[in-house]
Participant: 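Input: one structure, supplied below.
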Amino acid sequence: MDERGPDAPTRKRPGRPRKADSGDTKEELIRAAVRLFARRGFEGTSIRAIAREVGLSESVLYAHFENKQAVFDAAMARYGPQNSTGAVNAVAPALAETDPPRFLTELVGAFLEDWDREEARLLISLVTRDGLLHSDALRAPLTGMRDYAVDLFARWLAAERIPRHLGPAERLAFSFTGPIGLARVLHLHAEASPEERAQARVDVLRHVEFFTEVVFHAESERYTGEPRPQP
């Protein structure tokens with residue numbers, strides 16, 4: 001006979017992991033997978049381990065993902081080198097037309113904020129350690145980042161916001177994004193110290209400042225209201 005009153009708290013089974021809330025199940029599984037992949041590697045992590053990490057059965061995981069590769073692909077899309085939706089939406093679209101240098105600065109700042117989160121740093125460490133730098137899962141988001149940058153610079157070249165001799169857009173995009181991507185791989189990973197991560201952010205934003213000053217120099221007076229300093 002149960003002598004507990006109706007308001008007595010339900011006792012949890014000892015050692016049983018907390019179950020994810022139903023609305024957050026998929027996100028919890030992805031986060032758990034990133035932690036396990038980073039600790040054990042892709043091959044060393046099982047579907048069962050991912051499910052148990054958040055107190056779920058394998059059948060629940062399979063209701064969201066077809067297999068382990070699908071879990072990894074979802075983690076890459078969420079925390080990988082380019083999940084542009086959140087970063088792009090964080091910046092006022094009108095700035096791309098009215099003040100391209102400020103638009104790029106705020107856009108890169110939003111990316112840096114996203115990349116410095118624990119899950120994102122765990123994932124970049126995973127892809128470098130597990131030899132996944134050339135995988136399709138990594139190539140696709142990197143291509144998406146490049147294409148987005150190419151489109152931006154093509155628009156600014158067409159509108160003569162950038163001198164034509166600095167084109168084509170592909171070259172500008174590569175020159176702009178290359179150092180930023182390198183800084184992420186080298187300095188925004190799971191083992192990086194807070195000081196190293198902070199310095200990486202400073203260095204990336206200095207690169208953006210230098211790049212925009214050079215590329216948009218013809219419009220610097222329009223943006224600042226002051227003549228551009230002469231050497």
Participant: I'd like to check the side chain to side chain contact (heavy atoms under 4.5 Å, CB included) partners of E191; sequence neighbours left out, ordered by chain and number.
Facilitator: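 So E191 forms a side chain to side chain contact (heavy atoms under 4.5 Å, CB included) with S125, R129, H189.
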
Participant: Can you tell me how far the CG atom of L36 sits from the CD1 atom of I47, to the nearest 0.5 Å?
Facilitator: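 Going from CG on L36 over to CD1 on I47, the span is 11.0 Å.
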
Participant: How many angstroms lie between CG in L56 and OH in Y62, if you round to the nearest 0.5 Å?
Facilitator: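 One gets 13.5 Å once the value is rounded to the nearest 0.5 Å.
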
Participant: Please tell me whether V185 and L123 are part of a single hydrophobic cluster in this structure, the criterion being side-chain heavy atoms less than 4.5 Å apart.
Facilitator: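 V185 clusters together with L123.
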
Participant: Please enumerate all residues that pass side chain to side chain donor-acceptor pair (under 3.5 Å) together with R197, with sequence neighbours excluded.
Facilitator: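 With neighbours one apart ignored, the set is D116.
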
Participant: On the 0 to 90° scale, with breaks at 30° and 60°, tag the F72-F37 ring pair as parallel, tilted or perpendicular.
Facilitator: perpendicular

Participant: Give me the atom names and distance for the closest heavy-atom approach of Q69 to F42.
Facilitator: OE1-CZ, 3.6 Å

Participant: Find out whether I124 and W115 are in side-chain contact, i.e. whether some heavy atom of one side chain is under 4.5 Å from a heavy atom of the other.
Facilitator: no

Participant: What's in the same ILVMFWY side-chain cluster as L186, cut-off under 4.5 Å, chained through other members?
Facilitator: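 L182, listed by chain and number.
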
Participant: Could you check whether any side-chain heavy atom of F211 comes within less than 4.5 Å of a side-chain heavy atom of V108, counting everything from C-beta outward?
Facilitator: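 With C-beta onward as the side chain, the pair stays apart.
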
Participant: Tell me which pairs pass salt bridge (charged side-chain N to carboxylate O under 4.0 Å, His left out) where either residue lies in residues 166-177, with sequence neighbours left out.
Facilitator: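 Matches after skipping sequence neighbours: none remain.
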
Participant: CG/L104 to CD/E209 distance, rounded to the nearest 0.5 angstrom?
Facilitator: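 Reported value, rounded in 0.5 Å steps: 13.0 Å.
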
Participant: How far does CG of L107 sit from CG of N89, to the nearest 0.5 angstrom?
Facilitator: 10.5 Å

Participant: Could you pull out all residues at least two apart from E113 that satisfy side chain to side chain contact (heavy atoms under 4.5 Å, CB included)?
Facilitator: R201

Participant: With A183, which residues qualify under side chain to side chain contact (heavy atoms under 4.5 Å, CB included), at least two apart?
Facilitator: V204

Participant: Indicate yes or no: does R31 engage E27 in a salt bridge with an N to O separation below 4.0 Å.
Facilitator: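 No, no charged N to carboxylate O under 4.0 Å.
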
Participant: Can you run down the salt bridge (charged side-chain N to carboxylate O under 4.0 Å, His left out) pairs that involve residues 103-112, sequence neighbours left out, and say none if there aren't any?
Facilitator: R102-E106

Participant: R155: which residues meet the side chain to side chain donor-acceptor pair (under 3.5 Å) condition with it, sequence neighbours left out?
Facilitator: E97

Participant: Check side chain to side chain donor-acceptor pair (under 3.5 Å) between E58 and all other residues, then give those that pass, not counting sequence neighbours.
Facilitator: R48

Participant: Say you draw a straight line from CG of D147 to CG of L152; how long is it, rounded to the nearest 0.5 Å?
Facilitator: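 Rounded to the nearest 0.5 Å, the CG-CG separation comes out at 11.5 Å.
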
Participant: Please report the shortest heavy-atom distance between I30 and A74, naming the atom on each side.
Facilitator: CD1-CB, 3.9 Å

Participant: Using the side chain to side chain donor-acceptor pair (under 3.5 Å) criterion, which residues pair with H207? Sequence neighbours excluded.
Facilitator: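 Checked H207 against side chain to side chain donor-acceptor pair (under 3.5 Å); zero matches.
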
Participant: Is it true that atom CD of Q199 has more than 12 heavy atoms of other residues, nucleotides or ligands lying nearer than 6.0 Å?
Facilitator: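 Yes.
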
Participant: With a 4.5 Å limit on heavy-atom distance, are the side chains of I50 and L29 in contact?
Facilitator: yes

Participant: Within the 4.5 Å heavy-atom criterion, are T98 and L95 side-chain neighbours or not?
Facilitator: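 A side-chain contact exists here, since the closest heavy-atom pair is under 4.5 Å.
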
Participant: Measuring from atom CZ of R121 to atom CZ of R184, what distance do you get when rounded to the nearest 0.5 angstrom?
Facilitator: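 The CZ atom of R121 sits 10.5 Å away from the CZ atom of R184.
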
Participant: State, to 0.1 Å, how close L61 and A51 come at their nearest heavy-atom pair, and which atoms those are.
Facilitator: CD1-N, 4.0 Å

Participant: Please report the C-alpha distance between L188 and L112 in whole Å, then the side-chain angles of each, then the deciding distance to 0.1 Å, and finally whether the side chain to side chain contact (heavy atoms under 4.5 Å, CB included) criterion is met.
Facilitator: CA-CA 9 Å; L188 294 177; L112 289 171; 4.1 Å; yes

Participant: Residues in side chain to side chain contact (heavy atoms under 4.5 Å, CB included) with A169, at least two apart?
Facilitator: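 Result, side chain to side chain contact (heavy atoms under 4.5 Å, CB included) vs A169: V150, F153, A154, L157.
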
Participant: For a quick test of reading the model, state the closest non-hydrogen atom pair linking A33 to V71 and the distance between them.
Facilitator: CB-CG1, 3.4 Å

Participant: I'd like to check the salt bridge (Lys or Arg N to Asp or Glu O under 4.0 Å) partners of E66; sequence neighbours left out, ordered by chain and number.
Facilitator: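 For E66 there are no salt bridge (Lys or Arg N to Asp or Glu O under 4.0 Å) partners, ignoring immediate neighbours.
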
Participant: Between D114 and A120, what is the shortest heavy-atom contact and its length?
Facilitator: O-CB, 3.6 Å

Participant: How close do A32 and V54 get, counting heavy atoms only, and between which atoms?
Facilitator: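 Nearest pair, atom of A32 first, then V54: CB-CG1, 3.9 Å.
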
